K.L.:
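Before anything else, here's the structure in question.
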Amino acid sequence: MQRFVVIDLETTGNAPAKTDKIIEVGIVVIEQDTIVDSYSTLLHPNKEIPPFITNLTGISDDDVMDAPSFEEIADEISALFADSYLIAHNVPFDLGFLNEELANSNRIKLTNPVLDTVELARILFPSAPSFKLNQLTEYLQIQHDQPHRALSDAFVTAKLFLKLKEKLASLPYETIDQLLQVEKWLQSDAYELFAYYREQNLFAEENHEIVTYQGLAYRRINMGELDSCTINLSFGDYLDSIYEANGSLEKAMQKYEKRAGQREMSEIIFDAFQMKQHALIEAETGTGKSLAYLIPAIYDAVCKDKRVVISTYTTQLQSQLLEAEIPLIRQLIPFSFHVALLKGKAHYISLEKLQQELLEPQQSNYDIALTIAMILVWLTETETGDIDEIQLPSSGYWFFRRISADMEEGVDPSSPWFFRSHYQHAKRRAQQAHIVITNHALLCTDMFHPSVLLPAYDRAIIDEAHHFEATVSKHYGLKLDYMHMHFTLNQLGRTDEQKLIHTVLSHYTSGLSQKTKTTWDTLIDDARYETDDLFRYLFQYVVDQRKRDKSYSDIGRTQYRFEQTKEDPKKWAVIKEMVTRLIFYLRDLIHGLTMMEADLQQEQFLHEDKEKLLAGTERLQTFIDQLEQLFLVDNSMQEVKWMEIETYGAKNAVYLYSEPTDVADLLMDGFFSVKESVILTSATLTMEHSFRFIMDRLGLQHEQTITKQIASPFSYADQVQLMVPNDFPNIKFGQTDDFIYATCDAILSLAAITNGRMLVLFTSYDMLRRSHSLLKELMENDTYALIAQGISSGSRERLKKNFQTFEQAILLGTSSFWEGVDIPGEDLSCLVIVRLPFQPPDHPVLEAKSNFLKEQGKNPFMEYSLPNAVIRFKQGFGRLIRSSSDRGIVFICDSRIVTARYGKYFVRSIPEVPLLFDTTHNLMEKAEKWF
């Protein structure tokens with residue numbers, strides 16, 4: 001069948017079964033890879049079109065007044081699909097509406113084979129930043145003149161489909177052959193399409209960039225020849241050539257404005273490197289700190305031929321450095337340099353593990369099938385093997401965990417897979433690089449295992465340094481959860497399951513005695529049972545605690561901090577007994593693995609099997625160590641331990657954590673004292689212009705550390721109005737519902753003034769959820785697109801892009817939305833901060849660290865809670881102004897910033913801006929005048 005009919009619909013809403021109707025149909029016909037016909041009509045929906053839909057599509061009630069009903073043109077539309085594939089961008093939506101209308105018109109529903117361009121784009125363009133039609137057309141450079149009009153969208157979807165066919169035609173035979181193996185679990189009826197191109201590509205011209213090995217096709221991993229790098233400039237001349245008038249930066253950037261703070265930051269970093277000192281640099285928004293630290297780091301690394309490690313907290317900043325800042329610097333300077341990105345093993349695919357998975361019978365699971373299909377195509381494109389390059393379906397990351405380099409049993413340079421390892425290539429690139437970009441997590445892990453993960457280095461730059469203490473605490477602590485243990489025990493498996501033990505035994509003719517097999521199977525079953533039993537008991541233990549003993553995480557999990565000496569003796573004795581019994585079974589499993597190795601020595605024992613058994617032993621021993629540390633060792637003075645449960649989740653879904661209460665000494669002894677120079681930078685490191693808090697928490701010595709605040713070049717006094725209402729209900733007196741109502745009322749009033757374009761930051765997911773519900777209730781006719789973290793589907797970046805797509809939208813966020821969300825220009829005109837971002841006083845880590853500080857005779861509020869809240873507040877405040885032309889309102893619903901004694905610390909820690917403290921009514925009048 002070579003006829004493809006593309007359809008796109010505009011509708012009054014998203015639910016055809018709940019009276020939503022079609023208001024416009026657009027159809028495009030493709031034959032012989034050419035668009036040969038089109039059809040379009042408006043339809044009368046026999047109901048009012050919501051204002052939100054009119055705003056989105058431009059279709060009003062007046063436009064459809066004289067349009068036909070669907071029933072009048074039903075036969076005409078059905079006839080267009082005869083002997084054709086039906087194609088749509090999200091088939092369930094368009095076909096669902098179409099068939100609902102056909103049924104209502106007493107017509108036969110369409111049963112055509114379907115091709116969904118969302119699904120096919122995910123598979124064939126896995127590296128696309130988004131799979132929404134608008135973003136895909138931009139990514140593939142397809143012209144799209146009228147988004148959200150049916151015929152225009154249908155034409156664009158048709159052109160997208162032709163691009164998808166072109167991509168299929170370019171894929172290796174082996175890749176398409178593997179796609180055919182998973183096609184039956186896809187939503188698209190793509191078998192004939194895939195089979196056609198498999199046969200076409202069997203005789204295709206050889207692509208020298210593609211390597212095939214054991215049925216797997218992947219892009220050749222090229223190390224390339226490295227250029228020699230030399231510098232003939234003094235550092236002063238080097239900076240002059242970049243920053244000053246007629247310098248390379250001015251020539252490279254349109255509307256370039258020199259930022260004095262940017263050059264000053266570069267000079268401070270270079271001086272710190274030369275003097276072998278550490279430095280803390282707070283570079284406020286607009287400084288251009290990434291360029292400011294890269295420029296001296298590259299100069300120093302090339303001059304001395306010694307690498308500098310740059311660590312970031314977010315992958316977003318890593319991408320910005322690699323894709324924007326580094327290419328720009330290559331234009332700015334007259335010498336070459338080498339940069340490498342290095343992440344933990346769990347980020348890199350293992351071709352060996354993938355090949356093993358593909359040989360096993362695949363599970364009937366859509367997400368896994370889609371994940372495999374995406375990865376197979378991605379392998380023909382990726383140079384790094386870093387899974388962060390693509391967006392897998394949510395449960396696809398569980399599958400990727402099985403095929404990541406982290407699951408490789410050991411490093412065997414003689415293995416044919418070793419030189420095909422993306423992780424090993426990433427390590428080699430890092431060893432040859434002047435600048436190694438990594439993340440805080442890997443940097444912290446490397447502190448435990450020097451030179452095993454990162455290549456040796458003496459100088460480091462830590463960006464987003466306000467996260468560094470928390471990351472160190474997590475890495476010096478531990479995390480254990482039911483899913484991880486259950487996954488590992490399942491991976492080991494019984495002797496009759498297609499798992500590790502069965503795979504190992506299948507290599508040997510004599511194998512094990514039946515007694516040994518039976519013993520192993522019994523131990524695995526018992527360990528699984530004991531694990532489930534323990535975690536179910538812990539779940540109920542948390543549920544049974546008194547209300548005041550529990551807190552809630554920012555994603556809504558119930559948290560309970562435990563200390564052995566303060567727990568109910570009888571119940572805690574049961575937990576210790578259950579833990580001891582589980583450890584007993586885990587030790588027996590380790591003994592069983594050792595016995596298997598001994599039994600199999602009578603044959604020629606394969607190195608890879610020995611490595612697999614050893615890796616299983618190490619994982620089991622890790623569980624034993626973690627369980628002992630959590631439940632059998634009492635070190636409450638040095639560590640905080642807590643449990644988290646999802647109240648409405650599975651009854652064994654328990655997450656166990658421990659962290660040190662203080663990392664200052666650990667960092668000084670294990671990091672700062674052994675490195676020549678460490679630069680820590682962020683837009684938010686000070687409270688009331690003082691670095692004391694961050695220095696004390698990190699263990700930095702004042703006499704060995706350079707400190708510098710670099711002011712923003714933006715004119716905040718002219719660009720921002722800070723508004724605080726004085727008439728909001730007081731949560732302290734139990735008026736939470738009234739406070740939420742007042743907040744939502746203010747949000748909608750401000751939205752009317754700013755046309756939406758608003759980011760609302762919460763400190764509590766529960767309050768966000770309740771506010772979202774109330775806003776939907778209060779909002780007339782869905783005036784604003786309401787996008788909420790944890791409620792609207794998608795990642796933080798996707799939610800941000802969706803927010804920017806709509807002309808009138810309100811974005812509600814908590815936790816990660818307080819920082820790293822960059823929405824410049826008119827897309828964001830109002831920032832609402834609902835509450836000052838104090839952690840709940842019963843948060844496990846805060847509670848333990850507060851007790852630690854009390855024992856030292858310090859004030860926990862002033863030394864820990866307040867500085868953390870101020871830094872968090874500064875991050876949130878920084879979301880509004882991202883360029884010199886931005887302008888807007890920061891509306892703070894929490895009057896404590898004015899009325900509380902500590903409020904001045906928040907106000908004095910941000911740039912000086914006009915502060916208006918008045919009734920909500922008066923503030924709204926002033927806001928209208930401001931805009």
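Counting from 1, the numbers follow the sequence of the chain as shown. None of the values given here were measured: they were computed from a predicted structure.
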K.L.:
Report yes if the side chains of Y191 and K184 come closer than 4.5 Å at any heavy-atom pair, otherwise no.
P.N.:
no
K.L.:
Ignoring hydrogens and geometry, is there a side-chain-to-backbone donor-acceptor pair from E31 to Q2 under 3.5 Å?
P.N.:
no
K.L.:
Quick one: are L351 and S421 in side-chain contact, heavy atoms under 4.5 Å?
P.N.:
no
K.L.:
Under 6.0 Å from the six-membered ring centre of Y213 and within 45° of its axis: does the NZ or CZ of R420 meet both?
P.N.:
yes
K.L.:
Where do F155 and I142 land on the side-chain contact (heavy atoms from CB on, under 4.5 Å) test, with the steps shown first?
P.N.:
CA-CA 10 Å; F155 264 109; I142 300 172; over 6 Å; no
K.L.:
Nearest heavy-atom pair of D20 and T12: which atoms, and what distance?
P.N.:
OD1-OG1, 3.1 Å
K.L.:
So, for P126 and V377, which heavy atoms are closest and what is the spacing to 0.1 Å?
P.N.:
CD-CG1, 3.9 Å
K.L.:
Hey, are the side chains of Y482 and D532 touching, using non-hydrogen atoms and a 4.5 Å cut-off?
P.N.:
yes
K.L.:
Nearest 0.5 Å, please: how far is OG1 in T384 from NE2 in H425?
P.N.:
12.0 Å
K.L.:
With a 3.5 Å distance limit and no angle check, can you tell me whether R122 reaches the backbone of M374 through a side-chain donor-acceptor pair?
P.N.:
no
K.L.:
Side-chain contact test, heavy atoms from C-beta onward, threshold under 4.5 Å: evaluate it for K21 versus E101 and give yes or no.
P.N.:
yes
K.L.:
Would you give the length of the straight line joining atom CZ of F399 to atom CG of L370, rounded to the nearest 0.5 angstrom?
P.N.:
11.5 Å
K.L.:
Check whether any side-chain N or O of N112 sits under 3.5 Å from a backbone N or O of F81 as a donor-acceptor pair, and report yes or no.
P.N.:
yes
K.L.:
Donor-acceptor pair, distance only, cut-off 3.5 Å: does the side chain of D116 make one with the backbone of N90?
P.N.:
yes
K.L.:
As an exercise, state the distance from CD1 of I7 to OG of S84, rounded to the nearest 0.5 Å.
P.N.:
12.0 Å
K.L.:
Looking at E646 and R557, is there a salt bridge between them, counting it only when a charged N and a carboxylate O are closer than 4.0 Å?
P.N.:
yes
K.L.:
Could you grab the distance from atom CZ of F817 to atom CG of L811, nearest 0.5 Å is fine?
P.N.:
5.0 Å
K.L.:
Do E357 and I375 come within less than 4.5 Å of each other through their side chains, counting heavy atoms only?
P.N.:
no
K.L.:
Describe, in one word, how the ring planes of Y218 and H422 are oriented to each other, choosing from parallel (under 30°), tilted (30 to 60°) and perpendicular (over 60°).
P.N.:
perpendicular
K.L.:
Before you tell me yes or no, could you show the steps for W417 and Q214 under side-chain contact (heavy atoms from CB on, under 4.5 Å), namely the whole-Å CA-CA distance, both residues' side-chain angles and the distance that decides it to 0.1 Å?
P.N.:
CA-CA 11 Å; W417 293 105; Q214 295 197 9; 3.7 Å; yes
K.L.:
Show your reasoning for whether side-chain contact (heavy atoms from CB on, under 4.5 Å) applies to H484 and K479.
P.N.:
CA-CA 10 Å; H484 190 198; K479 174 186 174 183; over 6 Å; no
K.L.:
How far apart are the closest heavy atoms of L180 and F194, and which atoms are they?
P.N.:
CD2-CB, 3.5 Å
K.L.:
Any donor and acceptor pair, going by atom type alone, linking the side chain of T382 with main-chain N or O of W378 inside 3.5 Å?
P.N.:
no
K.L.:
If we only count heavy atoms from C-beta on, is the Y39 to I73 side-chain gap below 4.5 Å?
P.N.:
yes
K.L.:
Do I387 and S404 have side-chain heavy atoms sitting under 4.5 Å apart?
P.N.:
no
K.L.:
Between E383 and R429, is the closest basic N to carboxylate O distance under 4.0 Å?
P.N.:
no
K.L.:
Are the side chain of T57 and the backbone of I59 linked by a donor-acceptor contact shorter than 3.5 Å?
P.N.:
yes
K.L.:
How long is the span from the CD atom in Q789 to the CG atom in L768, to the nearest 0.5 Å?
P.N.:
7.0 Å
K.L.:
Flag yes if more than 12 heavy atoms outside K132 fall under 6.0 Å of its NZ atom; otherwise flag no.
P.N.:
no
K.L.:
Tell me, which pairs form a ring pair (Phe, Tyr, Trp, His ring centres under 6.0 Å) where one or both residues lie in residues 98-132, sequence neighbours left out?
P.N.:
none
K.L.:
Under 3.5 Å, side chain of T41 to main-chain N/O of V25, donor-acceptor pair present?
P.N.:
no
K.L.:
What are the two closest non-hydrogen atoms of L151 and S38, and how far apart are they?
P.N.:
CD1-CB, 4.1 Å
K.L.:
Identify the heavy atoms of S130 and Q391 that sit nearest to each other, and give their distance.
P.N.:
N-NE2, 4.4 Å
K.L.:
Quick one: does any side-chain atom of N201 pair with a main-chain N or O of L168 as donor and acceptor, under 3.5 Å?
P.N.:
yes
K.L.:
Check this for me, if you would: do R149 and E10 make a salt bridge, where the nitrogen-to-carboxylate-oxygen distance has to be below 4.0 angstrom?
P.N.:
no
K.L.:
Taking side chain as C-beta onward, heavy atoms only, is L799 less than 4.5 Å from I787?
P.N.:
yes
K.L.:
Apply side-chain contact (heavy atoms from CB on, under 4.5 Å) to T175 and I210, showing your working.
P.N.:
CA-CA 11 Å; T175 299; I210 300 296; over 6 Å; no
K.L.:
Rounded to the nearest 0.5 Å, what separates atom CZ in R619 from atom CG in L489?
P.N.:
11.0 Å
K.L.:
Side chain of E72, backbone of S69: donor and acceptor closer than 3.5 Å?
P.N.:
yes
K.L.:
Between D8 and G26, is there a donor-acceptor pair closer than 3.5 Å when you use the side chain of the first and the backbone of the second?
P.N.:
no
K.L.:
Between D406 and R401, does at least one N-O distance fall below 4.0 Å, as a salt bridge requires?
P.N.:
no
K.L.:
Could you report the tightest heavy-atom contact between E174 and G215, atom names first, then the distance?
P.N.:
CB-O, 3.8 Å
K.L.:
Please indicate whether Q187 has more than 12 foreign heavy atoms, meaning atoms of other residues, nucleotides or ligands, lying under 6.0 Å from its CD.
P.N.:
yes
